[in-house]
Chemist: 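One structure, pasted below without further comment.
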Amino acid sequence: MARASARRGRGWRWLVCGAPMAVIHRPLMPRCFSVHAKVFGDDQLVPTLELAGYRRLGAKRKVKLQEELDQLLRRFNCAALTSPGRLDARINSVLFAAKEAFQQRRDWRGFGCGWVFPRSAEMYSHPHYLAFIREDGSTDPPDLPFGLQRLLNGMRQQLLPFLEDVLEFGLGYEAGQLENTLQMTTAIVHYYPEMTQQETLLTPAAFHCDDSFLTLNVESTPGIHGLGAVSESDESRPRIRRFSYGEVNSSIINLFVGGYLQTLSQGRWRSLLHSGSNPSNEDRLSITIFLGMPQLHGAIGEHVHTRGEQERRVYDWLSTSSRHDDWLATANFEEIQDMYSQGDSFDPAVREWLGMARADICPTCQVPIAILHCYQLLSLYRCASHLRDFTPVGFPFHPISTSRLLERPREHISKSRQRHLRAMRNARQRALELSRQ
């Protein structure tokens, strides 16, 4: 008995973000897990949303897509996105190249340059490739393999603007206020060379919420399981269900709500308890990308340890829920899901950051005030608001080359962009009014 306890106590090793990385052995399963009827349910069909050409759509169509994704996230805590075209081709190319790269390194053991492999054959684990992404877009390691950088660039251009619009729609911010706030922070490539046993989903830390605002995931074979996923049947008890998708003509991009977004939205969107595995006999590749808001990292402090505590409570719930009736099991699970909803530091932090970010910006022309003073001194710029409210008298002049002043400032918003934002704001107001009727 003491030997069995010692074996169970060796614990997990895991990365900063994402699924558990390695465990020394296959843990012993509690007796209550011998009966899976109370834990596993039918496959969960995840609705898909197509985003082809989103940036070229009109304001009404954009708001319609934002509203649809908002409803999916509120109901399922996740969604499946498709983007036929160039991004879809990049996804398929990277998945194929990454699988080949891992197959060639299959006998390699150790860590280095982003590659993370089990050190010995006794470890129950799967290989990873880990890359950290800085705010300026550079990565560590700097040279990413199998075209991963091109995939990150494609997602940054085609998906992040849409997700920022959805955050504005769901959180009630003005159109354009959260532009360029979502940043990719970490990318992890998971390689599963063998089939994963079903009992692995019942081990400690197998089910978790991501320490992120949103999580993107692409995979060669569907292998995501959700805990508490909504079923079309009348079952009320939360169960483990494997995600499935209807017939689609392009790659599926899984979108998960992270724990920090649950806090930011004050429970409007709940984080997804999920686990990745390989249910097929063939090898599986999965690429997970975590999205954060670097401006709000200082407000994360109260939830630094929430993930670990939640993983422990989920494992306890899986161990004991089979002995409880549906009502008690569901009530206990609801308490676990609400752990990230506790605390209210995020929303004030967002509003404070928005105020600071726009305090030195002209409300009329969206140009930094410091630059406007230099424009006025050289008579290179005209803004009715600033010509009335500001005078160059006594303002310390810092020489800036005329060529730089003539350049269009990066923060400047064109008139066409302003018209589009106004149209989107009006479309959101109409959608809100229709939803209240």
Side-chain angles (χ1 to χ4, degrees), residues 15 17-19 21 46 48-53 79-118 125-133 137 139-160 184 186-196 215-225 242-256 274-291:
L15 299 174
C17 297
M21 182 189 73
V46 181
T48 59
L49 192 65
E50 184 176 325
L51 301 179
L81 310 178
T82 60
S83 182
R86 185 176 302 177
L87 181 58
D88 177 56
R90 290 184 182 181
I91 292 174
N92 293 327
S93 174
V94 171
L95 289 175
F96 179 79
K99 184 179 290 190
E100 282 193 336
F102 276 101
Q103 290 172 348
Q104 294 173 1
R105 291 173 173 259
R106 196 161 184 171
D107 297 328
W108 184 70
R109 295 291 180 264
F111 303 80
C113 298
W115 297 94
V116 183
F117 276 66
S125 177
H126 58 271
H128 295 71
Y129 182 86
L130 171 65
F132 297 100
I133 308 170
T139 61
D140 183 19
D143 299 323
L144 302 183
F146 35 78
L148 182 59
Q149 185 65 61
R150 296 182 65 249
L151 176 61
L152 297 178
N153 294 339
M155 288 188 169
R156 185 181 292 111
Q157 295 172 3
Q158 300 190 37
L159 296 183
L160 264 59
M184 297 179 178
T186 312
I188 306 178
V189 183
H190 306 265
Y191 179 66
Y192 300 82
E194 299 175 352
M195 181 178 181
T196 306
T215 300
L216 298 172
N217 172 268
V218 294
E219 50 187 349
S220 60
T221 303
I224 300 296
H225 291 75
R242 186 176 67 175
F243 287 175
S244 62
Y245 314 92
E247 296 183 2
V248 292
N249 298 324
S250 62
S251 301
I252 293 293
I253 305 172
N254 293 302
L255 175 67
F256 308 147
H274 65 280
S275 181
S277 63
N278 183 16
S280 67
N281 294 323
E282 299 179 355
D283 56 350
R284 172 179 178 266
L285 194 100
S286 173
I287 303 176
T288 303
I289 301 168
F290 301 97
L291 305 182

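Everything numeric in this text was worked out from a predicted model, so none of it was measured.
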Chemist: State, with a plain yes or no, whether a side-chain heavy atom of Glu50 is found less than 4.5 Å away from one of Pro84.
Modeler: yes
Chemist: Is the shortest side-chain heavy-atom distance between Phe290 and Leu216 below 4.5 Å?
Modeler: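 No, side chains not in contact.
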Chemist: Does some side-chain heavy atom of Pro279 sit less than 4.5 Å from a side-chain heavy atom of Thr196?
Modeler: no
Chemist: With a 4.5 Å limit on heavy-atom distance, are the side chains of Leu285 and Phe96 in contact?
Modeler: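 Answer no - side chains too far apart.
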Chemist: Are Leu49 and Thr82 close enough that some pair of their side-chain heavy atoms sits under 4.5 Å apart?
Modeler: no
Chemist: Would you say the ring centers of Trp115 and Tyr191 fall short of 6.0 Å from each other?
Modeler: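 No - the distance between ring centres of Trp115 and Tyr191 does not fall below the 6.0 Å cut-off.
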Chemist: Got a sec: does the CZ of Arg90 have more than 12 other heavy atoms crowding it under 6.0 Å?
Modeler: yes
Chemist: To check you understand the geometry: which heavy-atom pair defines the closest contact between Ala98 and Val189, and what is its length?
Modeler: CB-CG1, 4.4 Å
Chemist: Over all heavy atoms of both residues, which pair between Ala97 and Phe146 is shortest? Give the atoms and the distance, please.
Modeler: CB-CB, 3.6 Å
Chemist: I need the single residue from Thr288, Thr215, Asn217 that forms a side chain to side chain donor-acceptor pair (under 3.5 Å) with Asn254. Which is it?
Modeler: Asn217
Chemist: Please tell me whether His126 and His190 form a close aromatic pair, meaning their ring centres lie under 6.0 Å apart.
Modeler: yes
Chemist: Check Arg284 against Ser277 and note the closest heavy-atom contact, atom names and distance.
Modeler: NH1-O, 3.0 Å
Chemist: Test your reading of the model: is there a side-chain donor-acceptor pair from Ser280 to the backbone of Glu282, 3.5 Å cut-off?
Modeler: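 Confirmed, Ser280 side chain pairs with Glu282 backbone.
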Chemist: Starting at CG of Leu151, measure out to OG of Ser93 and round the result to the nearest 0.5 Å.
Modeler: 9.0 Å
Chemist: Less than 4.5 Å apart, any side-chain heavy atom of Ile133 and any of Arg156?
Modeler: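 Counting from C-beta outward, Ile133 and Arg156 do come under 4.5 Å.
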Chemist: Kindly indicate whether the side chain of Thr139, heavy atoms from C-beta on, has any atom under 4.5 Å from the side chain of Leu148.
Modeler: no
Chemist: Under 4.5 Å between any side-chain heavy atoms of Ile252 and Thr48, yes or no?
Modeler: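 Ile252 reaches Thr48 side chain to side chain.
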Chemist: Can you confirm if the aromatic rings of His225 and Phe243 lie within a centre distance of less than 6.0 Å?
Modeler: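 No, ring centres 6.0 Å or more apart.
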Chemist: Please give me the minimum heavy-atom distance between Met195 and Asn281, naming the atom from each residue.
Modeler: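 Smallest interatomic distance, heavy atoms only, reads SD-OD1, 3.3 Å.
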